[in-house]
Amino acid sequence: MKQHHIESSIGNSKILVGESIDNLHEYLPKKKTAIITDTNLARIYGHKFPEGVPVLEIGTGEDVKTLQTVSELLDKLVELEFDRSSFILAIGGGIVCDIAGFVASIYMRGIEFGFVSTTLLSQVDASVGGKNGVNFQGFKNMVGVFGLPNFVICDMGMLSTLPQDDLQCGYAEIIKHGLIASPELFSFIENNLEKAINLDSKTIERFVYDSVLIKSEIVNKDARENGDRRKLNFGHTFGHAVEKVCKLPHGKAVAIGMVVACKLSIQRGLLSPAIAERLKELLLKMGLPVTINIDPEKAIAAMVHDKKRSGDVINFVLLRSIGDAVVQQISIDELKAIIYDMCLSTEQER
Ligand SMILES: NC(=O)c1ccc[n+]([C@@H]2O[C@H](COP(=O)([O-])OP(=O)(O)OC[C@H]3O[C@@H](n4cnc5c(N)ncnc54)[C@H](O)[C@@H]3O)[C@@H](O)[C@H]2O)c1
Ligand SMILES: [Zn+2]
């Protein structure tokens with residue numbers, strides 16, 4: 001087990017990579033506690049939840065990530081007579097943790113909380129950065145707060161029950177972390193693919209730990225997202241558009257977004273085509289897509305509505321080499337050309 005301590009302007013946290021849910025009692029404070037989880041986790045892991053702690057169960061999927069769910073959970077906390085010294089434990093993926101972190105952060109102006117992160121995505125991404133919140137009026141994560149959990153347990157064993165699509169979402173973010181910040185991690189992924197696919201716990205532990213270090217270093221420098229933190233959006237500007245327009249899972253959309261970002265980087269003379277090829281090869285071996293047939297106009301429209309846009313240009317994270325990302329402004333026309341090109345080559349491959 002490896003621990004990473006975060007001390008930042010928005011609070012302190014510790015991330016326990018490779019810790020087991022069986023040792024949860026060591027981390028729970030001696031406080032009145034409630035568990036927030038979803039129906040899948042309660043069904044599969046309910047027998048491992050600490051005894052005597054009330055379990056507040058929510059449904060699954062983005063549709064439950066609403067203020068309505070928050071309101072229902074707040075009602076239950078009032079019913080349980082929670083006070084300022086009570087504690088909330090989230091056991092679940094990004095959805096459960098985002099909601100539970102938000103509920104804990106607003107109940108009586110904020111009570112302490114902790115996470116057991118049960119998806120690869122939540123371990124490598126949602127566990128760090130302190131963003132908690134819900135969707136609003138169709139916009140993702142529109143309402144929320146910054147606040148850190150006291151601890152995050154990342155139990156590799158729990159990943160064995162995670163559906164393949166959800167594992168792939170995590171892999172896409174891990175590859176992203178390697179690309180923007182660590183040639184070592186990127187090579188380690190390339191060289192240990194087989195082990196990763198077989199969920200070798202030491203290999204996944206390294207993926208998660210390195211990702212946690214990379215994300216927390218970036219976030220620490222820029223907790224409120226004005227500068228360096230934008231690099232974490234690598235693959236996400238186009239990725240979000242693909243996710244929205246094509247209804248693809250987040251990780252698959254990010255994979256395509258990273259390929260587009262590499263194409264733009266090559267076009268601008270920043271990146272060698274050989275690196276883009278390495279990325280494509282890795283994504284394909286992980287079962288992630290590298291092309292898509294999307295209506296370029298719809299994709300652009302979706303991106304123009306994205307919050308990272310200012311004026312007729314879009315802030316795009318590009319790559320100079322593995323581990324060296326840079327934010328540049330891309331004109332809509334430049335972007336259109338790349339997307340048309342991608343759709344054309346997808347057509348030709350069919
Ligand atoms: N706060 C952040 O910084 C941050 C970062 C990235 C993503 N997110 C958010 O996270 C959400 C996505 O999170 P996610 O991908 O973890 O999805 P999720 O929480 O919906 O979990 C995916 C599915 O897997 C199931 N599941 C979870 N763990 C399992 C396990 N161990 N075994 C079997 N099934 C399991 C869940 O019940 C769910 O059906 C999005 O809403 C996104 O906005 C937040
Ligand atoms: Zn993402």
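Atoms within each ligand, like the ligands themselves, are counted from 1 in listed order. This chain uses plain numbering: 1 for the first residue, then up along the sequence. Here the structure is a predicted model, which is why all the values come from computation and not from measurement.
- The closest heavy-atom contact to atom 14 (P) of ligand 1, among the options Gly101, Ala126, Gly94, Ser122, comes from Gly94.
- When each atom of ligand 1 is checked for a heavy atom of Lys65 under 4.0 Å away, the hits are 9 (C), 40 (C), 41 (O), 42 (C), 43 (O).
- Here His250 has no heavy atoms under 4.0 Å from ligand 1, in either its backbone or its side chain.
- The closest protein non-hydrogen atom to atom 32 (N) of ligand 1 is Thr161 OG1, 2.7 Å.
- The nearest protein atom to atom 16 (O) of ligand 1, hydrogens excluded, is given as Thr119 OG1, 2.5 Å; this is a heavy-atom distance.
- When heavy-atom distances to ligand 1 are checked against a 4.0 Å cut-off, Thr60 comes that close only through its side chain, counted from C-beta outward.
- Looking at Lys285 and Glu281, a side-chain N of the basic residue comes within less than 4.0 Å of a carboxylate O on the acidic one, giving a salt bridge.
- A salt bridge links Glu205 to Lys202: one of the charged nitrogens lies within less than 4.0 Å of a carboxylate oxygen.
- Counted within 6.0 Å of NZ on Lys31, heavy atoms from surrounding residues, nucleotides or ligands total more than 12; the atom is thus considered enclosed.
- The two residues Gly61 and Ile95 have their closest heavy-atom pair at C-CD1, 3.4 Å.
- Inclusion of Asp125 in the first shell of the Zn ion (ligand 2) is not supported: no N, O or S atom falls under 2.8 Å.
- Residues Asp98 and Lys131 approach most closely at OD1-O, 3.7 Å, considering heavy atoms.
- Looking at Glu173 against ligand 1, nothing comes within 4.0 Å, counting heavy atoms.
- Scanning the protein for heavy atoms near atom 31 (N) of ligand 1, the closest one is Met158 O, 2.8 Å.
- In Thr118, the parts holding a heavy atom less than 4.0 Å from any atom of ligand 1 are both the side chain and the backbone.
- Only the side chain of Leu41 comes within 4.0 Å of ligand 1, judged by heavy-atom distances.
- Of all the heavy atoms in Asn132 and Phe102, the pair that sits closest is CB-N, 3.4 Å.
- A 6.0 Å sphere centred on CD of Glu7 holds no more than 12 heavy atoms belonging to other residues, nucleotides or ligands.
- Across Phe113 and Gly101, no two heavy atoms sit closer than the pair CE1-CA, 3.7 Å.
- Distance from atom 39 (O) of ligand 1 to its nearest protein heavy atom, with residue and atom name: Asn40 ND2, 3.1 Å.
- Of all the heavy atoms of Lys215, the ones lying under 4.0 Å from any atom of ligand 1 belong exclusively to the side chain.
- Only the side chain of Asp166 comes within contact range of ligand 1, with a heavy atom under 4.0 Å; no backbone atom does.
- Atom-to-atom distance recorded for Gln267:CD and Glu334:CD is 5.5 Å, nearest 0.5 angstrom.
- Neither the backbone nor the side chain of Asn132 comes within contact range of ligand 1; no heavy atom lies under 4.0 Å.
- For atom 36 (C) of ligand 1, the closest heavy atom belonging to the protein is Asp38 OD2, 3.4 Å.
- Note: an N/O pair closer than 3.5 Å links Lys131 and ligand 1 by distance alone.
- Looking at Leu121 against ligand 1, only its side chain comes within 4.0 Å, counting heavy atoms.
- Of the protein's non-hydrogen atoms, Asp98 OD2, 3.7 Å is the one closest to atom 8 (N) of ligand 1.
- For Val128, no nitrogen or oxygen atom sits less than 3.5 Å from a nitrogen or oxygen atom of ligand 1, counting backbone and side chain alike.
- Atom OE2 is the N/O/S atom of Glu173 found closest to the Zn ion (ligand 2).
- Among Leu319, Val317, Val326, the single residue meeting the side-chain contact (heavy atoms from CB on, under 4.5 Å) criterion with Ser265 is Leu319.
- Across all non-hydrogen atoms, the minimal contact from Val53 to Thr33 is CG1-O, 3.4 Å.
- Under a 4.0 Å N-O distance rule, the pair Lys252/Glu243 does not qualify as a salt bridge.
- Considering only non-hydrogen protein atoms, atom 35 (C) of ligand 1 sits nearest to Leu162 CD1, 3.6 Å.
- Rounding to 10°, one obtains 100° for the angle at the Zn ion (ligand 2) between NE2 (His250) and NE2 (His236).
- At a 4.0 Å heavy-atom cut-off, ligand 1 does not touch Thr39 at all.
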